[in-house]
Amino acid sequence: MTVRTRMAPSPTGEYHIGSMRTMLFNFAWAKKNNGQFVLRIEDTDRTRLVEGSLERTLQVVKDFGLSWDEGPVVGGPYAPYVQSERLSLYQEYANKLLESGHAYYCFCTPERLTQVREEQQKAGAPLTHYDKFCLKNSKEESEARVKAGEKHVIRYKMPADEEIQFNDLFLGPITFHTKDLDDYVMLKSDGFPTYHLAVVVDDHLMNMTYIMRGVEWIPSTPKHILLYKAFGWEMPLTGHLPNLKEVGAHKKLSKRDGTVDARLFLEEGYLPEALLNFLMLLGWNPGTEKEIYSLEEFISAFSLERVHKTDLISFDREKLLWFNGVYIRQMSVEDLWLQIVKWAATYGVDLGIDDRDHDYIIKVVALTQERLRLFSEFNELTSYFFTEPKVDKELLNK
RNA sequence: GGCCCCAUCGUCUAGCGGUUAGGACAUUGCCUUCUCAAGGCAAGGAUCAUGGGUUCGAAUCCCAUUGGGGUCACCA
């Protein structure tokens, strides 16, 4: 069977460097197996949509040197690849679940839900669940209320107590019990699906064979397993990847400590090749002492067996800087200058080179190459070649 | 709190029953060099979270504890 993997960004903000790592792994696995890598847009939360973020996400993926075989812009046999354009599909499958008795209509207001939740918390319940209030309603009654235009959602009817086990690609067997799971909402009152419904329907319809995603998805995996079972579908092989954190921190990568938006790394003057190389080693290791990998080399070396089990990896910015320096030194002087110029033009950076002739600049670049770790350091590293240094005579006398 | 996952130098990791626990980043020193880098060499740095087992033998297997993380939404 053809290996098909996907990455499904949400246009709710700027693309995160950690997501780029996950995308890289999915991309590499598809490429290694001569399969397809699919990009799908999960824009089912209309309240969090951020203007232009979809376009910027697509752009940064390209800028990092990755590409997709199917997805937005390029299309493909399973189009559309944007969930908001697939609404009728989710409704259709939600209805199937309704008919087969795996789901039910719920008319509870958000206010009632919060109230129920608060009461459960007050009573000291170990976890809060929907109280299945609407499960009592007869099918006829529910359908009549829906027909009358009453606001409703569709919930999955969680089996009383069933053991659910799945074999994580990286972590091995993981067991859950349905009694710990909620009758979660699959279809929202605005007719949009929640993640759980949409991801299962799409992954199946788009013929995905492997899913690699962050560890935060482990707890929702049993919900997906149940859906696959209810539909009678086979679930793609699924594995969960460690998240990234700041060095010395216990939490996920945060803006406080530096850049987290993938695009901003480019803007600071990191090379995509260096970034990718650094990302490869965050959750995977070849088992050899080789550390410098081109994308092609990574694709052929990548294997599922060598993906790490750890759940949190430090994003060592110091080492990333080192990688960038390595890649800068690997380039020819002419190429390096070309890249710097391109970078400056893209991000509107003034290199401060005045109108010096090319030969002079190249000499300066050659002199700077060994020292340069980041394009954004170019100015302070070379300014004295282009502008008269200002000398404070008073200071000299001292 | 319930459930789930994880645990080797400061950091990223190698290790999959017998190793002086290896490498890389960072740190320090030396060499090279007109400086700074880069490069080369070297050093320090890990009681393999703790406690029990299993075994002739455990970083490696099992259990418990501790610590950390994740998750419990009409967000993904």
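Since we're looking at a predicted model, the values are computed, not measured. Letters go in sequence order (proteins before strands), and every chain restarts at 1.
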Do any side-chain atoms of residues 296-309 of chain A form donor-acceptor pairs under 3.5 angstrom with protein atoms, and if so which ones, sequence neighbours left out?
| unit_1 | atom_1 | unit_2 | atom_2 | d |
| --- | --- | --- | --- | --- |
| A/Glu297 | OE1 | A/Ser294 | N | 2.8 |
| A/Glu297 | OE1 | A/Ser294 | OG | 3.4 |
| A/Glu297 | OE2 | A/Lys290 | NZ | 3.3 |
| A/Ser300 | OG | A/Glu297 | O | 3.2 |
| A/Arg306 | NE | A/Asn285 | O | 2.8 |
| A/Arg306 | NE | A/Pro286 | O | 3.3 |

Between the protein and nucleotides 18-26 of chain B, list every N/O to N/O distance that falls short of 3.5 Å.
| unit_1 | atom_1 | unit_2 | atom_2 | d |
| --- | --- | --- | --- | --- |
| B/G22 | O2' | A/Glu289 | OE2 | 3.3 |
| B/G23 | O4' | A/Glu289 | OE2 | 3.2 |
| B/A24 | O2' | A/Glu291 | OE1 | 2.4 |
| B/A24 | O2' | A/Glu291 | OE2 | 3.4 |
| B/A24 | O2' | A/Lys319 | NZ | 2.8 |
| B/A24 | N3 | A/Lys319 | NZ | 3.4 |

Determine the contact category for A/His308: base if any of its heavy atoms lies under 4.0 Å from a base atom, sugar-phosphate if only primed atoms, P, OP1 or OP2 are that close, otherwise nothing. sugar-phosphate
With sequence neighbours left out, what residues match A/Asp182 under salt bridge (charged side-chain N to carboxylate O under 4.0 Å, His left out)? none
Could you give the distance separating B/G51 and B/A59 at their C1' atoms, to the nearest angstrom? 16 Å
What does the list of N/O pairs under 3.5 Å between the protein and nucleotides 40-46 of chain B look like, with a distance for each?
none

Mind listing the residues from residues 202-213 of chain A sitting with a heavy atom below 4.0 Å of RNA chain B? Number order is fine. none
Residues that A/Lys157 engages under salt bridge (charged side-chain N to carboxylate O under 4.0 Å, His left out), provided they are two or more places apart: none
Sort me out a list of protein N/O and nucleotides 27-32 of chain B N/O pairs below 3.5 Å, or just none if empty.
none

Taking only distance into account, with no hydrogens and no angle test, what donor-acceptor pairs under 3.5 Å do side-chain atoms of residues 210-219 of chain A form with protein atoms, sequence neighbours excluded?
| unit_1 | atom_1 | unit_2 | atom_2 | d |
| --- | --- | --- | --- | --- |
| A/Arg213 | NH1 | A/Thr221 | OG1 | 3.4 |
| A/Arg213 | NH1 | A/His240 | NE2 | 3.4 |
| A/Arg213 | NH2 | A/Tyr195 | OH | 3.3 |
| A/Arg213 | NH2 | A/His224 | ND1 | 3.1 |

Say whether A/Tyr104 and A/Asn137, considering side chains only, have a donor N or O and an acceptor N or O under 3.5 Å apart. no
Which letter, B, S or -, goes with each nucleotide of nucleotides 70-76 of chain B from 5' to 3', with contact meaning a protein heavy atom under 4.0 Å? SSSSBBB
Inter-nucleotide P distance (B/A49, B/G15), Å rounded: 16 Å
Quick one: list whatever passes side chain to side chain donor-acceptor pair (under 3.5 Å) with A/Asn207, sequence neighbours left out. A/Tyr78
Residues at least two apart in sequence or cross-chain that pass salt bridge (charged side-chain N to carboxylate O under 4.0 Å, His left out) with A/Arg117, listed by chain then number, are none
Listed in order of residue number, which residues of residues 263-272 of chain A have a non-hydrogen atom at under 4.0 Å from RNA chain B? none
Mind checking the P distance from B/A58 to B/U50? Whole angstroms is fine. 15 Å
Check whether the side chains of A/Glu119 and A/Gln115 place a donor and an acceptor atom closer than 3.5 Å, and report yes or no. yes
